[in-house]
Structures are given as structure tokens and as C-alpha cells.
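Here's the structure, in C-alpha cells; my notes come after.
Naming convention: chains lettered A, B, ... in sequence-line order (proteins, then strands); numbering from 1 in each chain.
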Amino acid sequence: MADNIFEQRLEKLESLGELIGVKYPNNFSVDTAIISILEEYKNETRETLETKEKKIFSIAGRVMFRRIMGKAGFLNLRDRDGDLQLYVSKKSIPEDDFIQFKKLLDIGDIIGVKGYPFVTKTGELSLHVTEFKILTKSLSPLPEKFHGLTDIESRYRQRYVDLIMNQDSRARFIARSKIVKELRNFFDAKNYLEVETPMLHPIAGGAAARPFVTHHNTLDMELYMRIAPELYLKRLIVGGFERVYEINRNFRNEGISTRHNPEFTMVEFYQAYATYTDLMDMTEEMFKTVAQNVFGKLIFDYQGNTIDFSKPFKRLSVYDGIKQYLPNYPKEIFSDIEVARKFAKEQGAKIEDYFPLGKVLMELFEHVAEKDLIEPVFITDFPLDVSPLSRKKDADNTLVDRFELYIGGFEIANAFSELNDPLDQEQRFMKQIEEKEAGDDEAHNMDADYIRALKYGMPPTAGEGIGIDRFVMLLTDAPSIRDVILFPLLKKE
RNA sequence: GAGCCACUAGCUCAGUAGGUAGAGCAUCUGACUUUUAAUCAGGUGGUCGAAGGUUCAAAUCCUUCGUGGCUCACCA
């Protein structure tokens with residue numbers, strides 16, 4: 001015998017080829033999923049089942065455990081959504097099949113079996129196998145059966161192994177898929193139109209972030225991976241699609257952390273004739289609906305904190321938040337930039353000299369409050385300086401009709417009533433360009449076509465973006481964004 | 001980008017007054033026809049993340065590098 005596992009398994013693969021004629025057969029038909037056998041027989045006992053006619057099922061999956069005795073043995077078979085124990089005995093199957101079972105099988109192999117359900121002495125529903133076929137040899141051994149794969153890097157790099165071994169990881173990605181489906185149902189029920197807008201942008205816009213740059217060869221043109229779909233979706237509002245949403249990836253060329261992956265998924269949606277307060281109500285309804293429909297509950301544990309979606313979400317303005325977290329604030333910080341800068345720096349916020357007042361206040365707020373925003377809370381009424389695409393408040397032109405939703409200590413949604421005054425928008429872009437020149441490399445760029453679109457008239461509109469990855473983190477109690485992204489970005493091996 | 005920590009068999013992990021590497025599971029051989037982390041007996045398997053250095057001697061001490069984790073910074 002060869003002296004390592006890979007070589008040993010290659011030899012078994014050769015033997016299989018000699019025994020059945022091909023090494024990788026594809027002639028086994030599956031007629032049943034394990035979960036439907038479990039469902040159909042869940043109320044049967046050893047006694048009730050013995051009196052019934054034996055019904056043959058054909059199932060397939062991966063061998064996870066085995067316990068082999070002399071002329072018989074048990075296997076645990078796993079398919080896409082269930083595990084079932086198999087009982088294989090020499091006298092019940094053809095001789096060639098028993099050779100496959102006894103001599104050629106390894107844990108991790110993909111097999112197909114036929115057999116009839118029965119209940120063992122110890123009361124476990126099992127399949128009494130009458131045909132046994134190895135369909136795909138696994139040449140690499142699976143991780144240790146009891147502990148599974150725990151090394152975090154391996155779980156990300158070899159997600160396929162993680163998904164085989166770790167049922168909680170598997171369940172989390174299934175939940176993610178259901179969450180996205182429920183979001184679609186939610187928007188579809190409100191007559192939203194799902195659209196797809198460009199991922200390659202000639203101008204990176206719609207958010208403040210550094211983009212990935214790429215190049216189109218034939219047009220010899222610089223392009224940017226999109227940092228947000230916002231400006232395209234609002235062009236569609238101009239075009240008369242009054243309710244649109246898009247679920248897709250954004251790309252931001254920034255740091256990686258437990259809450260940031262360079263490519264992440266957002267649902268961004270826009271509704272004409274709505275305001276940001278309408279969206280607060282809608283967001284609450286959305287979170288409750290998705291949580292209830294996917295998980296059947298409204299109260300979640302997130303990393304040791306309880307998050308209750310059944311209660312109305314709190315609402316707190318940025319300025320009130322500063323007053324609440326820093327009761328000793330100097331009265332002048334909301335009007336005097338020098339006082340605000342000095343105070344924010346004293347509190348430990350990172351303030352650059354070119355920051356306008358609104359940005360200083362925003363940094364201050366996030367520095368002191370963000371970590372404590374565990375229960376769902378809408379932070380409202382942002383400074384104009386940090387909101388170049390938002391509508392000004394009627395009552396105070398230094399603030400905008402905007403909110404961000406915080407849950408579990410991080411930002412999960414951002415929304416506002418949209419600025420639909422093309423002349424104001426043009427001035428705001430000009431101001432952003434000034435900030436860019438002053439040193440803010442994440443300031444917005446001028447998008448002349450977007451201004452051109454607004455000049456045709458965009459109805460009063462509100463829009464919102466929700467980070468799907470973070471939403472899934474909350475609902476599945478995931479400590480890191482990498483736990484909810486199948487293949488998170490890692491350095492090259 | 002900074003600090004701290006980790007990297008030993010396919011997997012999960014032991015192993016520091018520095019003396020040349022171990023266990024469990026997996027795998028191999030044998031026994032066993034109702035087991036379920038099966039059991040019993042006996043084997044195989046390692047350039048101790050990489051490269052330098054100190055030393056008679058390095059998994060162990062030092063330096064640099066790599067990969068990863070956590071925290072901070074960045075992320076309006």
C-alpha cells in the first residue's frame with residue numbers, strides 16, 4: 001500500500017475503475033432527497049415499519065461517518081439538506097457492491113444507494129441498503145470528524161470544506177439566500193421594479209469612497225467599479241420608473257475588517273412621492289417581515305446583545321445624540337467651527353483641518369455614540385456638509401432630510417429624501433470638488449449627466465441603501481462579515 | 001498602516017531551565033452482522049510557516065519575512 005492518503009485513495013480509484021469499468025460513473029439516478037424520507041417516516045417505529053411493504057428509495061450524497069463490522073456496517077450519508085444512516089450488510093447487496101463498500105470506500109466519498117427504510121434497535125430511522133455504488137472518490141481526506149474544520153483561514157480559503165463539515169456555516173448561507181429572497185418578495189409586493197444598472201462607471205459616484213480603477217481596452221477609457229448605484233437609480237426615477245430597487249455588489253477600495261469587505265452587497269431602492277420618514281416606517285416593516293418570514297421570530301441575540309425587532313425603532317437626531325452622549329458640550333459647537341474642532345479633538349475624534357463644521361460634528365457623533373447603538377435606532381437630520389445628495393430640511397438649511405439605521409453597534413442602512421433641485425445639486429458637486437482639492441480623496445465628483453437628468457425634473461423622491469451582508473450578520477449572529485460572504489477577499493496564497 | 005497573538009502529521013491539539021517530536025481522529029493490516037465520536041490488537045505518516053543567526057546542540061532563544069486572527073486606525 002502507498003504510504004500517504006492521497007496515493008492510497010488513487011489506488012482505490014484505480015481498483016474501482018477495474019471493478020465497474022469507469023472511475024467516475026454518471027449513471028446513477030436519484031429519486032428522493034433525504035429530508036423527504038425523514039419527513040415521510042418520522043412517525044414510524046421499529047414495529048409499525050416491519051409490517052409495511054418495503055418501499056425502495058434511491059438517494060445519493062457524501063459519506064460523513066462509518067462504523068464497519070465484519071460483514072456489515074453503518075454509514076452516515078449527507079445530502080443537500082439532510083443526514084440519514086445507512087445499514088449495509090453483505091447478504092443484502094451484490095458482491096461487487098460489497099467490495100466497493102468494504103474495500104474501496106473512504107469517508108468523504110460521494111455514493112449512491114438504493115434501499116428501504118427501517119428502524120434500528122436503538123430507534124434510529126435508517127436505510128437498509130440493497131445497492132451500493134461509489135459515484136465519486138474523494139482523494140483528499142476530510143477534516144477530523146468530531147471537531148470539523150475550525151481554522152478560520154482554512155474555512156474562508158476552502159469554503160467548500162467548511163460547507164461540508166460545518167452545519168452552522170451551511171445554515172447561515174442558506175439563511176442568507178432566504179433573506180435575499182424575502183427582500184425581493186417585500187419589494188415586489190409593493191410594486192417595485194427590480195433593475196440592473198452599470199457596475200462599470202465612467203465616474204465613481206453616489207457615495208464617498210475610493211474606487212477600484214480599471215480600463216476598457218477598445219475604448220481606451222478609464223472605468224471605475226461602482227461604489228454605489230445611486231445616481232443611476234435616480235436617473236430611472238427621472239425616466240418614470242417610480243419605484244425601483246437593485247440588489248447587487250458595490251466595490252470600495254478601502255480597509256478590510258470584521259465589518260468591511262471590498263465587495264459587498266447592497267439593496268438600494270428609490271420611491272417617488274415618498275419622504276425619508278416614509279422610509280423609516282417602511283424599513284421597520286421590512287426588517288420585521290424578513291425576520292419573521294425567514295426565522296419565525298423577532299427577537300435575536302447578536303454577539304451577546306438582545307435585538308428586538310418587535311418594538312418601534314428609536315429615533316434620535318445627530319445633534320440630540322451629541323447632546324445626550326456629551327452633556328458638557330459647549331453651546332457654540334453647532335455654529336462655531338473653531339469651538340467644534342477643538343471640542344471634537346478633545347473627545348478623541350479624528351479631525352482634519354479642512355473638515356467643514358458638519359463633518360466635524362458627524363465625526364464627533366460617530367466617535368462617541370456608534371458603539372452604543374445596539375438596539376435599532378434611526379439617527380436622523382444629518383449635517384448638509386456630509387450629505388451632498390440629500391434634500392435640505394425646510395426648517396434648517398444646514399441639515400438634511402436623512403437617516404442612518406444603526407443596529408448592533410454598526411451602520412446598516414442609509415437613506416434620505418433626494419435632492420431634486422438641479423441647480424443646488426450642481427453647486428453641491430462644486431463644493432465637493434473644492435473639498436477634494438483640500439485633501440478629501442473621497443469627496444464626490446461632478447457628474448454632468450446626472451445634473452442634465454435632474455433638469456428634466458425628478459419627482460420628490462426618497463431612497464435608501466441597506467447593507468445585506470451586515471443585515472445577515474445580525475440575523476445569524478455572525479461576528480465577522482466574512483462569515484456571511486461565501487468567498488471573502490483574502491491575500492494570495 | 002500600528003500593536004498583540006498564532007502557525008507542530010490530512011484534521012484537532014500537546015510538547016520552553018535548549019538535548020533532536022507525541023496523542024486523539026483519519027489512514028493501513030487483522031477481528032467483529034444493529035453501530036452511531038462503534039470497539040479491540042498492531043502499523044504507516046512530520047524540512048515543527050520560511051530564511052538567516054546564537055549554540056556542541058534549536059519546534060523551543062534572537063532577527064527578518066510570509067500567512068492569518070483580534071484590537072486600534074481607515075471606512076462621510
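- Not one side-chain nitrogen or oxygen of A/Arg67 sits closer than 4.0 Å to the OP1 or OP2 atom of B/rU33.
- Taking the six-membered ring for Trp and the full ring otherwise, the centers of A/Tyr224 and A/His201 sit at least 6.0 Å from each other.
- Annotation: B/rG24 and B/rA14 have their C1' atoms spaced 11 Å apart (nearest Å).
- Among the protein residues, A/Gln85 comes within range of the nucleic acid bases, having at least one heavy atom under 4.0 Å from a base atom.
- Partner assigned to B/rU33 is none, using Watson-Crick or G-U wobble distances below 3.5 angstrom.
- Taking atom C1' in both B/rU60 and B/rG19, the straight-line distance is 11 Å, to the nearest Å.
- On the P atoms, B/rA6 is 10 Å away from B/rC61, given to the nearest whole Å.
- If you check every strand for non-hydrogen atoms under 4.0 Å, A/Gly358 touches nothing.
- Side-chain contact between A/Leu405 and A/Glu464: absent, with no pair of heavy atoms (C-beta onward) separated by less than 4.5 Å.
- Taking atom C1' in both B/rC11 and B/rG46, one finds a spacing of 14 Å when rounded to whole Å.
- B/rA2 and B/rC13 have their P atoms separated by 29 Å, with the value rounded to a whole Å.
- With B/rA38, B/rA26, B/rU33 as the choices, the nucleotide that has an atom nearest any side-chain atom of A/Ala72 turns out to be B/rU33.
- In this structure, A/Ser390 and A/Tyr276 have side chains that are not in contact, with every pair of non-hydrogen atoms separated by 4.5 Å or more.
- Comment: A/Asp385 does not engage A/Lys359 in a salt bridge, judged by the lack of any side-chain N to carboxylate O separation of less than 4.0 angstrom.
- In this structure, B/rA17 forms no base pair with any nucleotide, since neither Watson-Crick nor G-U wobble geometry is met with both distances under 3.5 Å.
- The P atoms of B/rU35 and B/rC40 are separated by 15 Å, rounded to the nearest whole Å.
- Here B/rC4 sits opposite B/rG69 as a Watson-Crick or G-U wobble pair (both hydrogen-bonding atom distances under 3.5 Å).
- Residue A/Arg159 places its CZ atom among more than 12 non-hydrogen atoms of other residues, nucleotides or ligands, all under 6.0 Å distant.
- The shortest distance between side-chain heavy atoms of A/Phe269 and A/Ile466 falls below 4.5 Å.
- With C1' as the reference atom, B/rA9 and B/rC48 are 10 Å apart, rounded to whole Å.
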Name the pairs: protein N/O against N/O of nucleotides 21-25 of chain B, kept only if under 3.5 Å.
| from | atom 1 | to | atom 2 | distance (Å) |
| --- | --- | --- | --- | --- |
| B/rC25 | O3' | A/Lys145 | NZ | 3.4 |

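- Pair check for B/rU47 finds none; no Watson-Crick or G-U wobble contact set falls under 3.5 Å.
- Residue contacts for A/Arg259: at a heavy-atom cut-off of 4.0 Å it reaches no nucleic acid atom on any strand shown.
- Using a 4.0 Å heavy-atom distance criterion, A/Lys90 is classed as making no nucleic acid contact.
- Side chain of A/Arg66 to main chain of A/Phe101: no donor-acceptor pair is present (N/O by atom type, distance under 3.5 Å, no hydrogens or angles).
- Heavy atoms from other residues, nucleotides or ligands lying under 6.0 Å from NZ of A/Lys345 number more than 12.
- Among the heavy atoms of the strands lying under 4.0 Å from A/Thr150 are primed sugar atoms or P, OP1, OP2 only; no base atom is included.
- Counting only distance, with no hydrogens or angles, the side chain of A/Thr130 and the backbone of A/Lys114 share a donor-acceptor pair below 3.5 Å.
- Salt bridge annotation for A/Glu346-A/Lys342: present, with a cationic side-chain nitrogen under 4.0 angstrom from a carboxylate oxygen.
- Between the side chain of A/Glu268 and the main chain of A/Glu230, a donor-acceptor pair closer than 3.5 Å is present.
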Would you tabulate the nitrogen or oxygen pairs shorter than 3.5 Å linking the protein to nucleotides 67-70 of chain B?
| from | atom 1 | to | atom 2 | distance (Å) |
| --- | --- | --- | --- | --- |
| B/rU67 | OP2 | A/Lys491 | NZ | 3.3 |
| B/rU67 | O3' | A/Arg157 | NH2 | 3.2 |
| B/rU67 | O2' | A/Glu153 | OE1 | 3.1 |
| B/rU67 | O2' | A/Glu153 | OE2 | 2.6 |
| B/rG68 | OP1 | A/Arg157 | NH2 | 3.4 |
| B/rG68 | OP1 | A/Lys491 | N | 3.0 |
| B/rG68 | O4' | A/Glu153 | OE1 | 3.2 |
| B/rG69 | OP1 | A/Arg482 | NH1 | 2.1 |
| B/rG69 | OP2 | A/Arg482 | NH1 | 3.4 |

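- Side-chain proximity of A/Lys91 to B/rU34, B/rU33, B/rA76: nearest is B/rU33.
- Using Watson-Crick or G-U wobble geometry with both donor-acceptor distances under 3.5 Å, B/rG42 finds its partner in B/rC28.
- Backbone-only engagement by A/Lys371 is indicated by non-hydrogen atom pairs under 4.0 Å involving sugar-phosphate atoms exclusively.
- Checking the phosphate oxygens (OP1, OP2) of B/rC28, a side-chain nitrogen or oxygen of A/Lys12 falls inside 4.0 Å.
- Base pairing annotation: B/rU54 forms no Watson-Crick or G-U wobble pair, as no partner gives both donor-acceptor distances under 3.5 Å.
- Side chain A/Glu124 to base B/rU34: no donor-acceptor pair is found below 3.5 Å.
- Remark: A/Arg226 engages A/Glu246 in a salt bridge (charged side-chain N to carboxylate O under 4.0 Å, His left out) (not counting sequence neighbours).
- Among B/rG10, B/rU34, B/rA73, the nucleotide with an atom closest to any side-chain atom of A/Ser257 is B/rA73.
- For the C1' atoms, the distance linking B/rA51 with B/rC56 amounts to 23 Å, nearest Å.
- One donor-acceptor pair, N or O on each side, does fall under 3.5 Å between the base of B/rU33 and the side chain of A/Tyr87.
- For the pair A/Leu10 CG and B/rU27 P, the computed distance is 16 Å after rounding to whole Å.
- Looking at heavy-atom distances under 4.0 Å, A/Leu142 makes no contact with the nucleic acid at all.
- The residue A/Phe118 sits close to a base: some heavy atom pair falls under 4.0 Å.
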